[in-house]
S.K.: 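This is the structure, below, for whatever I ask next.
In this text the structure is predicted, and so the values were computed from the model without any measurement. Below, each value reflects all heavy atoms present in this structure, side chains not excepted, and no hydrogens, waters or symmetry copies.
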Amino acid sequence: MTPKEEKQYKLDCRYLRMARIWAENSYCQRRQVGALVVKDKMIISDGYNGTPTGFENVCEDENNVSKPYVLHAEANAITKLARSNNNSDGATIYITASPCIECAKLIIQSGIKRVVYGEKYRLDDGIKLLERAGIEVIFMEVEK
């Protein structure tokens, strides 16, 4: 590993750990997911899975199934960018879990060029779509 690659690896580890901490803000019981969008070594957006603004902070129904309107961490981070003066062209998104296909589409359309994630989900269609779009996808197992 070159010094530059080693530095990037260390940054990726740190941001992914920060995304894990950010996931603790989620009220979801089944799974807490966090996401950070980083551009030029600055966190420009963050998100965690949960209900839309103004809704009660209950993500699951009485059968412990996620309610259909629960937003994923990536969607929250990307839509938060839409309300700011920042843009995600060329940015990296750090996600505690691999993105679903719907979030992968948002990532592609937002101009994000790198995805670093820490847990594999049972479905990999989102990862395959990102790779097909030419986005760099990195799986990192980072200590919790």
Side-chain angles (χ1 to χ4, degrees), residues 1 4-61 64-144:
M1 204 181 283
K4 186 177 180 180
E5 290 170 334
E6 187 173 341
K7 185 176 182 179
Q8 184 62 58
Y9 174 80
K10 286 180 179 179
L11 281 172
D12 289 345
C13 287
R14 288 182 191 121
Y15 285 125
L16 196 53
R17 283 197 312 267
M18 291 170 73
R20 277 212 170 87
I21 292 167
W22 201 245
E24 294 172 13
N25 288 312
S26 173
Y27 287 90
C28 295
Q29 301 296 312
R30 289 179 54 221
R31 179 176 223 169
Q32 293 180 313
V33 180
L36 295 177
V37 180
V38 177
K39 185 175 178 178
D40 301 325
K41 296 182 186 173
M42 291 186 305
I43 297 170
I44 60 169
S45 191
D46 55 64
Y48 49 87
N49 56 327
T51 57
T53 303
F55 282 60
E56 73 289 346
N57 288 319
V58 179
C59 298
E60 294 84 13
D61 63 19
N64 201 33
V65 175
S66 289
K67 294 181 179 179
Y69 52 82
V70 169
L71 289 156
H72 290 186
E74 310 92 307
N76 265 328
I78 291 168
T79 56
K80 190 185 265 189
L81 271 170
R83 296 177 70 175
S84 76
N85 292 326
N86 288 316
N87 73 69
S88 50
D89 282 336
T92 298
I93 189 166
Y94 295 88
I95 319 163
T96 58
S98 59
C100 70
I101 195 155
E102 293 302 318
C103 288
K105 290 190 271 187
L106 289 174
I107 290 166
I108 293 165
Q109 289 300 98
S110 70
I112 290 170
K113 294 300 177 206
R114 290 179 78 235
V115 174
V116 180
Y117 69 99
E119 292 175 27
K120 292 184 179 181
Y121 187 59
R122 60 182 168 82
L123 300 175
D124 66 351
D125 51 353
I127 297 297
K128 288 179 180 173
L129 186 65
L130 291 169
E131 290 171 342
R132 181 176 170 197
I135 292 173
E136 183 181 0
V137 179
I138 301 164
F139 170 65
M140 294 184 81
E141 289 187 277
V142 178
E143 294 177 22
K144 290 186 179 183

S.K.: Could you grab the distance from atom CD of Q8 to atom CD1 of I138, nearest 0.5 Å is fine?
M.R.: 7.5 Å

S.K.: Strictly by ring pair (Phe, Tyr, Trp, His ring centres under 6.0 Å), give each pair with a member in residues 73-119 just once, sequence neighbours left out.
M.R.: Y15-Y94, Y117-F139

S.K.: Measure across G118 and R20 and return the closest heavy-atom pair with its distance rounded to 0.1 Å.
M.R.: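 Smallest interatomic distance, heavy atoms only, reads O-NH2, 3.7 Å.
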
S.K.: My understanding is that only residues two or more places apart in sequence, or in another chain, count here; which of them pass side chain to side chain donor-acceptor pair (under 3.5 Å) with N76?
M.R.: none

S.K.: Might you point out which heavy atoms bring P99 and C103 nearest each other, and give the distance in Å?
M.R.: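 Scanning both residues, the minimum pair turns out to be CB-CB, 4.2 Å.
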
S.K.: Residues two or more places apart in sequence or in another chain: which of them pass side chain to side chain donor-acceptor pair (under 3.5 Å) with R14?
M.R.: none

S.K.: Side chains of K39 and N86: closer than 4.5 Å at any heavy-atom pair?
M.R.: no

S.K.: How long is the gap from CG on L71 to OG1 on T53, to the nearest 0.5 Å?
M.R.: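 Reported value, rounded in 0.5 Å steps: 8.0 Å.
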
S.K.: Against D12, only a single residue in R114, R17, K7 fulfils salt bridge (charged side-chain N to carboxylate O under 4.0 Å, His left out); can you say which?
M.R.: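 The single option meeting the salt bridge (charged side-chain N to carboxylate O under 4.0 Å, His left out) with D12 is R114.
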
S.K.: Looking only at heavy atoms, which two atoms of K105 and L129 are closest? And how far apart?
M.R.: CG-CD2, 3.7 Å

S.K.: Could you go through H72 and V33, starting from their C-alpha distance and side-chain angles, then the distance that decides it, and tell me whether this counts as side-chain contact (heavy atoms from CB on, under 4.5 Å)?
M.R.: CA-CA 8 Å; H72 290 186; V33 180; over 6 Å; no

S.K.: Verify, without hydrogens or angle tests, whether N49 (side chain) and R31 (backbone) share a donor-acceptor contact under 3.5 angstrom.
M.R.: yes

S.K.: R30 and S66: which non-hydrogen atoms are nearest, and at how many Å?
M.R.: NH1-OG, 3.0 Å

S.K.: Let me confirm one number: the OG1-CD1 distance from T96 to I21, rounded to the nearest 0.5 Å.
M.R.: 12.0 Å

S.K.: Hey, what do you get for SG (C100) to CD1 (I127), rounding to the nearest 0.5 Å?
M.R.: 10.5 Å

S.K.: Would you confirm whether S45, through its side chain, and A77, through its main-chain N or O, come within 3.5 Å as a donor-acceptor pair?
M.R.: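 Such a contact is found between S45 side chain and A77 backbone.
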
S.K.: With a 4.5 Å heavy-atom cut-off, do E74 and V115 have their side chains touching?
M.R.: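 A side-chain contact under 4.5 Å is absent here.
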
S.K.: Where is the tightest heavy-atom contact between Y27 and C59, given as atom of each residue plus distance?
M.R.: C-SG, 4.1 Å

S.K.: Taking T51 for its side chain and E56 for its backbone only, find out whether a donor-acceptor pair lies under 3.5 Å.
M.R.: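 Confirmed, T51 side chain pairs with E56 backbone.
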
S.K.: When you compare the side chain of L81 with that of S84, does any pair of heavy atoms fall below 4.5 Å?
M.R.: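 Yes, close enough: below the 4.5 Å cut-off.
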
S.K.: For S88 and I112, indicate whether the former's side chain and the latter's backbone hold a donor-acceptor pair under 3.5 Å.
M.R.: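 Checked: no pair found.
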
S.K.: Just to verify, what does K10 make a salt bridge (Lys or Arg N to Asp or Glu O under 4.0 Å) with, not counting sequence neighbours?
M.R.: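 E6.
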
S.K.: Checking the side chain of D40 only, and the main-chain atoms of M42 only, is there a donor and an acceptor separated by less than 3.5 Å?
M.R.: no

S.K.: Near Q109 CD, under 6.0 Å, is it more than 12 heavy atoms from other residues, nucleotides or ligands?
M.R.: no

S.K.: Check whether more than 12 heavy atoms from other residues, nucleotides or ligands sit under 6.0 Å from atom NZ of K67, and answer yes or no.
M.R.: yes

S.K.: How would you list, by chain and number, every residue that makes a side chain to side chain donor-acceptor pair (under 3.5 Å) with N25, sequence neighbours excluded?
M.R.: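 Scan of N25 (side chain to side chain donor-acceptor pair (under 3.5 Å), adjacent residues dropped) gives none.
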
S.K.: Once rounded to the nearest 0.5 Å, what's the spacing between atom CD1 of I44 and atom CD1 of I93?
M.R.: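 Nearest 0.5 Å value for the CD1-CD1 distance: 9.5 Å.
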
S.K.: Does Y121 offer a backbone N or O that forms a donor-acceptor pair with the side chain of S98 under 3.5 Å?
M.R.: yes

S.K.: Apply side chain to side chain donor-acceptor pair (under 3.5 Å) to E60 and list each qualifying residue two or more places apart in sequence or on a separate chain.
M.R.: none

S.K.: Mind listing the closest non-hydrogen atom pair of A23 and Q32 along with its distance?
M.R.: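 Smallest heavy-atom distance, with atoms named: O-CB, 3.4 Å.
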
S.K.: Only one of D125, L130, D124 forms a side chain to side chain contact (heavy atoms under 4.5 Å, CB included) with K128, so which one is it?
M.R.: D124

